[in-house]
Every structure is written in structure tokens, then in C-alpha cells.
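Throughout, a chain's letter reflects where its sequence line sits, starting with A, and its residues are numbered from 1. Computation of the quantities below employed the complete heavy-atom set of this structure, encompassing side-chain atoms and omitting hydrogens, waters and symmetry-equivalent molecules.
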Number of protein chains: 2
Amino acid sequence: MKRRTWQRTAVQEALAGREDFVSAQALHSSLRADGSPIGLATVYRALADLAEEGEADSLQAEGESLYRACASPGHHHHLICRSCGRTVEIEADDIEAWAARTAAAHGFRDPQHVVDVFGTCEACTAREQPMRL
Amino acid sequence: MKRRTWQRTAVQEALAGREDFVSAQALHSSLRADGSPIGLATVYRALADLAEEGEADSLQAEGESLYRACASPGHHHHLICRSCGRTVEIEADDIEAWAARTAAAHGFRDPQHVVDVFGTCEACTAREQPMRL
DNA sequence: CCGAGTTTGAGAATCATTGTCATCAAGCGC
DNA sequence: GCGCTTGATGACAATGATTCTCAAACTCGG
């Protein structure tokens, strides 16, 4: 059976408290900074579990895994600022349909897909090019 | 200036000779198995270069980078068998448009996107469930 | 409260990838 | 063809994220 320990709760809450994608390492540092004596391995395990249970989304960037608490429970994708990490959840039924159709057209079963859009958000665009004129 | 060494050529050819995504390690083993005394670091460097020059596609899976020679030069996506790695290149202008539209709708600039579809190809489906009845 | 079975955590271990640096060789000018 | 300059190579160390190990601590059902 799955047990409810304060460590798991702490990870869950720490994740819920941010709206950007974080690495396990960063979340661990953050927790330690807040005075929690949680172990690194535990953070990894908790995040992996959350991701598996669908309570968190994960993506790979620059060789590390990043996690984020899911705002909406269902399947969705992300629009991520490549500069500040701010993330917007987006739904795209058209994409789901397209992926399923494409897979089927080539005889592939059990289609899964990775669809993420990266860009520079307004705030970061403004910060990087302060009124160039 | 960029020099043309037999090592780079070997990597390029080894990649062109396969139609699935391979890891740098696997490609290195493969080359060594064919009698080439090429070094691992060199394979990594060559693949990174090829990817940067747009001659190879790369994607992250299970914590490692996989590479594949590009059949079509332009922008495209992949339909990948999660069991055998066989890959089909797919084009999806609709997706490009959707990604651009979505990014713009949220004020994001310079949209880039990651779109890959995974599934189990016919051959692998057949192999894994040999006439279950 | 008790006992069984999970979970934790410190540190070791793993694994892909990158850096180091002495040596090698591609392409230049001659 | 000859040498030279400089980027490329490769054996190995170093890095960095993630996972494993295993004894001790803890959760939950009874």
C-alpha cells in the first residue's frame, strides 16, 4: 500500500507552490532552504511517483528532468517560456486527434505523444530587448 | 575551419546506414564492432555537430540522446516505434500552424516545438502478442 | 500499542556526457 | 611533395544527474 509520509506531502506542496518547471535538485534545495531535512533520493522518488500518478507533468530539458504540478487533471500540453520557465497549460483536442490518426495511418498502436511548445513570453521579450529604438 | 576527417565520415555513414534512432554509445559500439578504432568522445562530438548542422535529428529518451540521419532536409516530426525504434518521418503543416498560433495567442515569441509520436509498429505488435487466442 | 512491510536517507554506485591535453593529421601556402 | 598551423582525436579523468543499497525509522491495520 502507498503510505502518506510528511516527506511526500512536502514535495507535493512545494511543487504546487510554483508555477514553473523545476528540477528535482532545485526542488530539493528549495525544501532544504525552507528548513526541511528531506533527502535528495526521497525527492526523486516522490517526483517520480507523482508523475506516474498523473499529479505532475514532466519533461526533459538540457539533460535533466523537470517537474511541475498539474493544474488541470486531464491530458494537456504546455507552452513554456524558454527564458523564465513560466508555463501555460494548453489543451489541444485537434492534436490528440491528429496524433491518433497519424499513428493509425502507419499501423502504429497505442499512440502516445510528446507535444510541447517553447517560446519567449512577453515579460522576457520586453526584458531582453528594452525598447530597441 | 571545419575539417573532413575519416572519423566524421564514418559517423555520418554509420548513421545513414540505419533507419532508427541510436544513442551515441550504441553507434560507437557499432563502429568498433566494424573494426573502426574511433573514440567515444569523437562520436559524441561528431553527432553533436551533425545535429547542429541540421543533418541529423535528435531526441531525448530515457535519459539519453538519440540520433538519426535526416531523410528529408526540412522541418519534420517523427513517428517512432517504442519497441524497435523504427521511425517514420512525418510532415505536419497543421501542427506548425497550430503551434505558431497558440504561441502568439499567449504573447510568446519565437515559437519552437517538440512534437513526436510514439507507438508500437505492426511488426512489434505482432511479435509481442502472438495470436492470442 | 504491536508487528509487518514501506519509506527514508546518507553515501556509494552508475551512466551518459563533457573536459583535458598531449599527439595527430587536414588543408594551406610554397 | 613538404612543412606548418591549427583544428581534431582519443585515452582517461571529471562531472552531474539519477539510482541503488541497506539499516533504521515510520505508517497503518489490527
field: Integer-rounded Å distance: C:dT17 C1' and A:Glu62 CD
entry: 14 Å
message: Run the ring pair (Phe, Tyr, Trp, His ring centres under 6.0 Å) test against A:Tyr44 and tell me which residues pass, sequence neighbours left out.
response: none
- prompt: Under the 3.5 angstrom rule, does the side chain of B:Arg82 hit a backbone N or O of A:Asp110 as a donor-acceptor pair?
  reply: yes
task: Name every residue in residues 26-39 of chain B that has at least one heavy atom under 4.0 Å from any atom of DNA chain D, in order of residue number, or write none if there are no such residues.
output: B:Pro37, B:Ile38, B:Gly39
Main-chain N/O of B:Glu19 paired to B:Arg86 side chain as donor or acceptor, under 3.5 Å: no
statement: Residues joined to A:Met1 in its hydrophobic cluster, side chain to side chain under 4.5 Å directly or through other members, sorted by chain and number, are none
task: Kindly write out the residues that satisfy ring pair (Phe, Tyr, Trp, His ring centres under 6.0 Å) with A:Phe118, not counting sequence neighbours, or none if the list is empty.
output: none
- prompt: What pairs meet the side-chain hydrogen bond (donor to acceptor under 3.5 Å, both in side chains) rule with one or both residues in residues 33-43 of chain B, with sequence neighbours excluded?
  reply: none
query: With B:Asp20, which residues qualify under salt bridge (charged side-chain N to carboxylate O under 4.0 Å, His left out), at least two apart?
result: B:Arg18
- prompt: What's the verdict on side-chain contact (heavy atoms from CB on, under 4.5 Å) for B:Tyr67 and B:Leu27, showing C-alpha distance, side-chain angles and the deciding distance?
  reply: CA-CA 9 Å; B:Tyr67 297 87; B:Leu27 200 64; over 6 Å; no
task: Show your reasoning for whether side-chain contact (heavy atoms from CB on, under 4.5 Å) applies to A:His77 and A:His75.
output: CA-CA 7 Å; A:His77 300 289; A:His75 178 77; 3.4 Å; yes
Report, one pair per line, the protein and nucleotides 1-4 of chain D atoms (nitrogen or oxygen only) whose separation is under 3.5 Å.
none

query: Quick one: B:Leu47 CG to D:dT9 C1', roughly how many Å, whole number?
result: 15 Å
task: Could you state the atom-to-atom distance from NZ of B:Lys2 to C1' of D:dA8 in whole Å?
output: 11 Å
message: Walk along nucleotides 17-23 of chain D from 5' to 3' and tag each nucleotide B, S or - by protein heavy-atom contact under 4.0 Å, base first, then sugar-phosphate.
response: SBBBB--
message: For a quick test of reading the model: is some side-chain N or O of A:Thr42 closer than 4.0 Å to OP1 or OP2 of C:dG9?
response: yes
field: Spacing between A:Asp49 atom CG and C:dT7 atom P, to the nearest angstrom
entry: 8 Å
Ignoring hydrogens and angles, write down the donor-acceptor pairs under 3.5 Å from the side chains of residues 8-17 of chain B, residues two or more places apart or on other chains.
residue: B:Arg8; atom: NH1; partner: B:Asp49; partner atom: OD2; Å: 2.2
residue: B:Arg8; atom: NH2; partner: B:Asp49; partner atom: OD2; Å: 3.3
residue: B:Thr9; atom: OG1; partner: B:Thr5; partner atom: O; Å: 3.0

query: Is there a donor-acceptor pair closer than 3.5 Å between any side-chain N or O of A:Arg109 and the backbone N or O of B:Glu122?
result: no
field: Of all pairs that satisfy side-chain hydrogen bond (donor to acceptor under 3.5 Å, both in side chains), the ones with a partner from residues 99-108 of chain B, not counting sequence neighbours
entry: B:Trp98-B:Thr102
message: Run the ring pair (Phe, Tyr, Trp, His ring centres under 6.0 Å) test against A:His28 and tell me which residues pass, sequence neighbours left out.
response: none
Selection: residues 3-14 of chain B, any non-hydrogen atom under 4.0 Å of DNA chain C: B:Arg3, B:Arg4
